[in-house]
Amino acid sequence: MIEITSKTIRTSELIDYVKESGAGAINVFIGTTRNQTAGKKVIKLDFEAYEPMAVKELQKIADRAVEQWDILSYAIVHRVGIVEIGEEAVVIAVSTPHRKDAFQACEFIIDELKKTVPIWKREVFEDGDVWVAAHP
Amino acid sequence: MIEITSKTIRTSELIDYVKESGAGAINVFIGTTRNQTAGKKVIKLDFEAYEPMAVKELQKIADRAVEQWDILSYAIVHRVGIVEIGEEAVVIAVSTPHRKDAFQACEFIIDELKKTVPIWKREVFEDGDVWVAAHP
Amino acid sequence: MEISVLAFGIARDIIKARSVVLEVTDGESVAGVVARLKQQYDGLEKLPSVLLAVNEEYVEDSYVVSQGDELAIIPPVSGG
Amino acid sequence: MEISVLAFGIARDIIKARSVVLEVTDGESVAGVVARLKQQYDGLEKLPSVLLAVNEEYVEDSYVVSQGDELAIIPPVSGG
């Protein structure tokens, strides 16, 4: 399951989604909104996506993961719009027969997501805002 | 938080427990009961623990993890008694400022748990049962 | 031919629009379009990277743009 | 002195009891106690490993058992 959503991500529903009777391991990565970056107070985050392309790129990443590891099921959900401090910006859940695969596949997916998926994060401070990674 | 329990593990409560406003990442490992092992159908699992020692050993592992990685909060819960297929036998949740630490610390904890913590798993088949790892 | 280019994130802020219409010559490559956008819009050049997606896919610099392609400026991504 | 030893997992099945009382001589080490348990209970020796915990901690083989210690046979663990 791959989804871009403007609603609160329900992690427990994603875990239930990837549960399989043949699964011995589930690894879940949750990216949450931090209250500070490099010591500066963050008020909230705002995510923008080129949605149809983001879904396609996520699918490519998932397909590559499925080729490399013994994956029974996966769920990748990224939020767009305003995300308050402490809320989930991204949740990835992967179920596998054995745990090593679950850890590796889940980390691969979030690492690749950050490299190629057209989603942009704007950090909102008390005195302004900035698009992350846009400044060398 | 470290706990040995005979009740169903509520993963979402553990995730809520480790959530911190300074956390950018949460990694969760869920060990579930597989319906087969080496091709043989498993009916259910039965876990036994030397409980006070298991808690002490888990605490040592958590302390070592906290020394090695930048951990904001952690929760380690292992179930004892009968665990049905698909149910959680163990759940580990770790929150950190950055994701790499969350993955590494969570994997370290489950790897070490399997090596040193005095908990024993009995696999129950249709035609008998076996203590896992007890046979060379 | 005229072709519209979508802009996201900081690229949208720089261009001050969600999309912009460009005059593209026959046989022009994606690299050419990007170079022209950088000339036209101060600030795009200062970004660590500016990619152009065509029809919701990353393409090689040599890809030749044709009528009906959906172009999009992809500034450095920062999801997750 | 007499000292009771807890048994878990397959060790409990082999010993057929949750605990067993052993006669331990003064100055006897954990290694000695384990060796004696293996002699006494067929099957313990066949396990890939048999450790003895003292007061809920793993100890060195050379640890000398004293009155009041809580001993426990730890067969190969398989949690998780």
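Lettering follows sequence order; numbering is per chain, from 1. Hydrogens, waters and symmetry mates are skipped; everything else that's a heavy atom, side chains included, is used.
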Item to check | Heavy atoms of other groups near E57(D) CD, more than 12 under 6.0 Å | outcome: yes
Item to check | Side chain, backbone, both or neither of K115(B) within contact of chain D (heavy atoms, under 4.5 Å) | outcome: backbone
Checklist entry - What is the minimum heavy-atom distance between V77(D) and A133(B), and which atoms define it? => result O-CB, 3.9 Å
Next on the checklist: Is it the case that atom CD in E23(D) sees more than 12 heavy atoms from other parts of the structure closer than 6.0 Å?
Outcome noted: yes
Item to check | Proximal component of A49(B), with respect to chain D [non-hydrogen, under 4.5 Å] | outcome: backbone
Checklist outcome for this item: Bottom line for L51(D): the part with an atom under 4.5 Å from chain B's heavy atoms is neither
Checklist entry - If contact means a heavy atom pair closer than 4.5 Å, which residues of residues 33-41 of chain D contact chain B? => result none
Checklist entry - Which bit of Y50(B) is near chain D, if near means a heavy-atom gap under 4.5 Å: side chain, backbone, both or neither? => result both
Next on the checklist: Quick check on D42(D): does its CG atom have over 12 non-hydrogen neighbours (other residues, nucleotides or ligands) under 6.0 Å away?
Outcome noted: no
Checklist outcome for this item: The interface call for V132(B) against chain D, heavy-atom contacts under 4.5 Å, is both
Item to check | Heavy-atom neighbours of D26(D) CG exceed 12 at 6.0 Å | outcome: no
Item to check | Euclidean distance, S78(D) OG relative to E48(B) CD, rounded to 0.5 Å | outcome: 10.0 Å
Next on the checklist: Can you give me the closest heavy-atom contact between W120(B) and P75(D), atom names plus distance?
Outcome noted: NE1-O, 3.0 Å
Item to check | Atom group of K114(B) that falls short of 4.5 Å from chain D, counting heavy atoms | outcome: both
Checklist entry - Between E56(D) and M53(B), what is the shortest heavy-atom contact and its length? => result O-CG, 3.3 Å
Checklist entry - Does any N or O in the side chain of K121(B) come within less than 3.5 Å of the main-chain N or O of G80(D), such that one atom is a donor and the other an acceptor? => result yes
Next on the checklist: Are more than 12 heavy atoms, taken from residues, nucleotides or ligands other than K60(B), located less than 6.0 Å from that residue's NZ atom?
Outcome noted: yes
Next on the checklist: Only pairs of heavy atoms separated by less than 4.5 Å count here; which of T116(B), V117(B), L45(B) has the most with chain D?
Outcome noted: T116(B)
Checklist entry - Of the listed residues (A54(B), P52(B), G31(B)), which shares the most heavy-atom pairs with chain D below a 4.5 Å separation? => result P52(B)
Item to check | Contact origin within N55(D) toward chain B - heavy atom pairs under 4.5 Å | outcome: backbone
Checklist entry - Between D13(D) and W131(B), what is the shortest heavy-atom contact and its length? => result OD2-NE1, 2.7 Å
